[in-house]
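Heads up: the structure comes next, in structure tokens.
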Amino acid sequence: MNPAPIELHDTLSGARRPLETLEPGKVGIYCCGPTVYDLTHVGNARAAIVPDVIVRFLRQQGYEVKYVRNITDIDDKIIRRSLEEGRPAVEVAARYAAEYHRDMADLNVTPPDVEPCVQDHIPQIIELVRSLVDKGLAYAVDGDVYYRVRAFPGYGKLSKRRIDEMIEGAGSRIEVDERKESPLDFALWKGAKPGEPAWDSPWGSGRPGWHIECSAMSSTHLGDSFDIHTGGRDLVFPHHENEIAQSQGAHGEDTFARFWMHNGFINFAGEKMSKSLGNFFTTREITALYPPETLRYFLLTVHYRSGLNFEIEVACPGCGADLGPDEQETGLCRACGHRTDTEELRRRVRFPGLEEADDRLAYVYGTLLKARAFLAAATRPSGEEPLGEATAGMLAAFVEHMRGDFNTGGALGALSKPLGEVNGLLDSGKGVGKAARYLTLERFVRDMEQVAAILGCFGQDPATWLQLRRDMKAARLGLDTERVERLLAERTAARQGKDWAAADRIRDELADLGVGVQDGPEGSVWAFL
RNA sequence: GGCGGCAUAGCCAAGAGGCUAAGGCGACGGUCUGCAAAACCGUUAUCCCCGGUUCGAGUCCGGGUGCCGCCUCCA
């Protein structure tokens, strides 16, 4: 157990605070998981990867972590979807839960210790609602039960707003239900409508409202009080505000989550991802183009609380010009007048940020591959030698950044110098003793395993990953790899005959395909330019 | 309208009072190379504007300006 403090930003206090857990050495964390009504999008991916890295880091630091991430499988959106698909809501939920699990596995997200779902917690939910009614914090109307927001003094403390301001601002936007005492009162229990999933309750047949499940499931699995609660920024209000009202209303003001962590949004072309804007991308659309780890790495290059911009490039199929945002929307190229339909444009989208992440990952894995090959071919020296300075300090610097509110961006930056140092040693090793060279590389490889355990990146077999990456990039670019191999063989023959002119001509031809060659002592290999 | 967040080099991005403001991409120069590429080395910023607090501020406070988000389903 490392005594150095871990600091994290808490939304409720609005400040960075040292992590002090309820029980020393133990952390209970609740993560608001998905509502399973559709395929996960990249925003969902981020909301899962962020707590995953937090949990991994806390464990690496010696904490015993109990990680709970729920699945919301009863909800208006699921019911709507089930009507669209003409299938029972439970089937819809089960299907998208399975898809979610597949995406999470692809993205190397550690499964939670407990993954509760609403359907399995109806009794706990009813009990919680009943206790709120008993305390005067909720009231039943016609089979519905509403939370009496004005009866909870702290309402608004998380999202930093006041009830009166909200009513004023929202008056024109919320359809006021006359049966509610206040427009802000929210449903804890909804009376059954025909065709909807329903359970018996003291207020008649019905189902839980949106927020109550997280209050019930967190206390069931982590207790009335626990350490960390995470979710996307948009959940601050109303979801988490309402959770606080429910849980503290039922269990006391000094209960519930001690730290609230919220991850920032992913934006496309500078604006929030949204279906209506057509800038909505599922996780799978991305992982069809790039290795899943590339997406994961890309999401970790920025601090979790910041917004993250996904730049999009689409070239006009007609003239190759980059299309601007409005051209992307209309599909009409201003330069040549070519019109392209939306589906076609989506297939042609390129993500410069992901390209860069992909290249960077290839550099890291390439380094790892070379370092391991070197170590496998050499014998370990006996005795001790001072290691390369950057490599020796790498893990400590990395961890230091992580301790400061899980700053993955800064932590990743701490790998650069060591990476350069290691590649330098691999290249020549000049000016460094043989033993120091070996031991530095050994240390690097070993510490990168720690880094990989924390980030969930850099942990695959380098050769396998590099191959996957190359295949996907070839597919993405429409590269004929057989032709490349053939040209490469021709060039090798030319070089052996010292026919430099022919060799250079073939190299130009390969360059036109987007491929560069690297000549080394063991022959030539190709890579993307 | 209310509330919140952000503004650091050509682009992305760390930084939460104090040694020479991380890192990545790009660009330029060099090493290596048949020439290249890859890899390595080097160069490339005084932090939106104004005022204040402090011995000292990118970092704190006040006022501008500009983006973004939430207030309705949203990760």
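A note on names: the letters A, B, ... follow the listed sequences, proteins ahead of strands, and every chain is numbered from 1.
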Next item on the list: Examine B:rC40: is either OP1 or OP2 under 4.0 Å from a nitrogen or oxygen in the side chain of A:Asn423? Give yes or no.
Entry: yes
Checklist line | Given RNA chain B, 5'-ward residue of the pair A:Asn263 and A:Asn267, judged by closest heavy atom | finding: A:Asn267
Check: Does the ring of A:Trp210 carry A:Lys190 above it, NZ/CZ under 6.0 angstrom from centre and within 45° of its axis?
Finding: no
Next item on the list: For residues A:Ala371 and A:Leu426, report the shortest heavy-atom separation together with the two atoms involved.
Entry: N-CD2, 3.9 Å
Next item on the list: Scan A:Ser306 against the nucleic acid and name what it touches under 4.0 Å (heavy atoms): base, sugar-phosphate only, or nothing.
Entry: sugar-phosphate
Item checked: Strand contacts (RNA chain B) in residues 11-18 of chain A, 4.0 angstrom heavy-atom criterion -> A:Arg16
Next item on the list: For RNA chain B, find the residues of residues 495-502 of chain A with a heavy-atom distance under 4.0 Å and give them by number; none if there aren't any.
Entry: A:Arg495, A:Trp500
Note to self: Whether the side chain of A:Tyr147 engages the backbone of A:Ala245 through a donor-acceptor N/O pair (distance < 3.5 Å, no angle test) should be reported.
What the structure shows: yes
Next item on the list: Taking only the side-chain nitrogens and oxygens of A:Tyr304, find out if one of them lies under 4.0 Å from OP1 or OP2 of B:rA14.
Entry: no
Notebook entry, point to check: With a non-hydrogen cut-off below 4.0 angstrom, is A:Gly409 in contact with a base, only sugar-phosphate, or nothing?
Noted result: base
Margin query: Considering every strand and a 4.0 Å limit on heavy-atom distances, what is the contact class for A:Asp359: base, sugar-phosphate, or nothing?
Written below: nothing
Note to self: Over all strands shown, is A:His262 touching base, sugar-phosphate only, or nothing at heavy-atom distances under 4.0 angstrom?
What the structure shows: nothing
Notebook entry, point to check: Checking all strands, does A:Gly43 fall into the base, sugar-phosphate, or nothing category for heavy-atom contacts under 4.0 angstrom?
Noted result: base
Next item on the list: Would you indicate what A:Val302 reaches in the nucleic acid, counting non-hydrogen atoms under 4.0 angstrom: base, sugar-phosphate, or nothing?
Entry: sugar-phosphate
Margin query: Heavy atoms only, 4.0 Å cut-off, all strands: where does A:Leu412 land among base, sugar-phosphate and nothing?
Written below: nothing
Check: Is the charged tip of A:Arg491 near the ring of A:Trp526: under 6.0 Å from the six-membered ring centre and within 45° of its axis?
Finding: no
Margin query: Taking any heavy-atom pair under 4.0 Å as a contact, classify A:Tyr363: base, sugar-phosphate, or nothing.
Written below: sugar-phosphate
Margin query: Applying a 4.0 Å non-hydrogen cut-off, can you work out what A:Tyr37 is touching in the nucleic acid: base, sugar-phosphate, or nothing?
Written below: sugar-phosphate
